[in-house]
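Each remark here refers to the structure printed beneath this line.
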Amino acid sequence: RSEAALRASEAQARTRAAELAAVLESMPDAVYIGAAMGITLANQAALDQLGFTTREELNRGIGTLAEEIQTRDAATGAFIPEERQAFARALGGERVVQDVVVRHRLTGEDRVVRCAAAPVMVDGQVIAAVAVNTDVTDVRRVAADRERLLAELGAERELLRTLIREVPAPVALHLGPEHRFAILSDAFREVSGGRDLTGMTPQEAYPEV
């Protein structure tokens, strides 16, 4: 009976390990599980993200790994010391979300990843840490491009506003389906009795017409 129970327990452990491996491999984000001495479990996405070919290559100390992939703060670009690495902080019992820049060890390409790390607890003790790294490079690039475009449009609109204001003739720029007044020349304001019609439709500005 003892041998049968042991075999059943081993079979159950293998089943759970297979289920965990299947879950990890189904995830598009990079997943790392390990301790201070190294990464003991990682999915294929994790290997691809950093440029490792085998999990054995990835199994190295946090400091060594961080130095090899040049882990830096995404906001400042400063190298993050070992004790401030998200994985190290998770081993200290913290739950951490941190945007970092990592360098692919084969291509040298820098990518921005959002690292969410948490401790693995057993009986109140931290026995390991798990980190999920989501590549946000393209998202941040789109956001930066949008901000730059908005800034350029704002500068162009301000230039247009200045040019129209200085036109000696009454000129009004209308925008939108209701043709609301957007930019008025100083001469237009004068013939309108000095009123600021910005944001008004012609019907609102001149209801008597």
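The closest side-chain heavy-atom distance from Arg95 to Pro119 is below 4.5 Å. A heavy-atom distance below 4.5 Å is found between the side chains of Asn43 and Met27. Residues Val102 and Gln70 form no side-chain contact, since every pair of their non-hydrogen atoms from C-beta on lies 4.5 Å or further apart. Counting heavy atoms from C-beta on, the side chains of Ile62 and Leu91 come closer than 4.5 Å. Within the 4.5 Å cutoff, no side-chain heavy atoms of Met121 are placed close to those of Ile127. Between Leu197 and Leu184, some side-chain heavy-atom pair lies under the 4.5 Å cut-off. Annotation: side chain of Leu47 is in contact with side chain of Leu58 (closest heavy-atom distance under 4.5 Å).
Note that the CD atom of Glu178 and the OG1 atom of Thr201 stand 6.5 Å from one another [nearest 0.5 Å]. In this structure, CG in Leu163 is found 10.0 Å from CD in Glu158, a value given to the nearest 0.5 Å. Taken from CD in Gln98 to SG in Cys115, the straight-line distance is 6.5 Å, to the nearest 0.5 Å. In this structure, CD on Gln49 lies 8.0 Å from OG1 on Thr134, to the nearest 0.5 angstrom. Between the OG1 atom of Thr40 and the CD atom of Glu56 there is a distance of 11.5 Å, given to the nearest 0.5 Å. Taken from OG1 in Thr64 to CG in Asn59, the straight-line distance is 11.0 Å, to the nearest 0.5 Å.
Nearest heavy atoms, Ala182 versus Arg157: CB-NH2, 4.1 Å. Of all the heavy atoms in Ala187 and Pro168, the pair that sits closest is CB-O, 3.2 Å. Here the closest heavy-atom approach between residue Gln85 and residue Thr71 is recorded as OE1-CG2, 3.4 Å. Between Ala45 and Asp29 the shortest heavy-atom distance is CB-O, 3.6 Å. The two residues Asp196 and Arg189 come nearest to each other via the heavy atoms OD1-NH1, 3.2 Å. Of all heavy-atom pairs spanning Ala30 and Ala46, the tightest one is CB-CA, 3.4 Å.
Salt bridge status for Asp99 with Arg114: present, with a side-chain N to carboxylate O gap under 4.0 Å. Taking 4.0 Å as the cut-off between side-chain N and carboxylate O, Arg60 and Glu68 count as a salt-bridged pair. Contact check on Arg72 versus Asp110 returns a salt bridge, with a Lys/Arg side-chain nitrogen under 4.0 Å from an Asp/Glu carboxylate oxygen.
For Gln125, the CD atom counts as loosely surrounded, since its 6.0 Å shell holds 12 or fewer non-hydrogen atoms of other residues, nucleotides or ligands. More than 12 non-hydrogen atoms from other residues, nucleotides or ligands lie less than 6.0 angstrom from CD of Glu204.
The cationic atom of Arg195 (NZ for Lys, CZ for Arg) lies less than 6.0 Å from the six-membered ring centre of Tyr206 and within 45° of the ring axis.
One N or O on the side chain of His104 and one on the backbone of Asp48 form a donor-acceptor pair closer than 3.5 Å. Between the side chain of Ser185 and the backbone N or O of Glu166 there is no donor-acceptor pair closer than 3.5 Å. Between the side chain of Arg180 and the backbone N or O of Gly199 there is at least one donor-acceptor pair closer than 3.5 Å. Counting only distance, with no hydrogens or angles, the side chain of Arg103 and the backbone of Glu109 share no donor-acceptor pair below 3.5 Å.
Side-chain contact, Glu57 with Thr53: a donor N or O sits under 3.5 Å from an acceptor N or O.
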Check the pair Arg89 / Arg84 against side chain to side chain contact (heavy atoms under 4.5 Å, CB included), numbers first and verdict last.
CA-CA 6 Å; Arg89 292 168 62 186; Arg84 297 307 300 165; 3.4 Å; yes

Please test Tyr32 against Val130 for side chain to side chain contact (heavy atoms under 4.5 Å, CB included), starting from the C-alpha separation and ending with a verdict.
-> CA-CA 6 Å; Tyr32 308 83; Val130 58; over 6 Å; no

Q.
Run Leu149 and Glu152 through side chain to side chain contact (heavy atoms under 4.5 Å, CB included) and show every step you take.
A. CA-CA 5 Å; Leu149 178 59; Glu152 292 174 354; 4.3 Å; yes

#### Entry: Derivation of the side chain to side chain contact (heavy atoms under 4.5 Å, CB included) call for Ile33 and Phe87
CA-CA 9 Å; Ile33 301 174; Phe87 206 84; 5.9 Å; no

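Hydrophobic clustering places Ile80 together with Leu50 (ILVMFWY residues linked when any side-chain heavy atoms are closer than 4.5 Å, directly or through intermediates). Criterion: ILVMFWY side-chain heavy atoms under 4.5 Å apart, direct or through other members. Under it, Val101 and Val96 are not part of a common hydrophobic cluster. Grouping the Ile, Leu, Val, Met, Phe, Trp and Tyr side chains by contacts below 4.5 angstrom, directly or via other members, places Phe52 with Val113. In terms of hydrophobic clustering, with Ile, Leu, Val, Met, Phe, Trp and Tyr side chains grouped at heavy-atom distances under 4.5 Å, Ile183 and Val167 are assigned to a common cluster. By the criterion of side-chain heavy atoms lying less than 4.5 angstrom apart, applied directly or through intervening Ile, Leu, Val, Met, Phe, Trp or Tyr residues, Ile164 is not grouped with Leu153; the two fall into different hydrophobic clusters.
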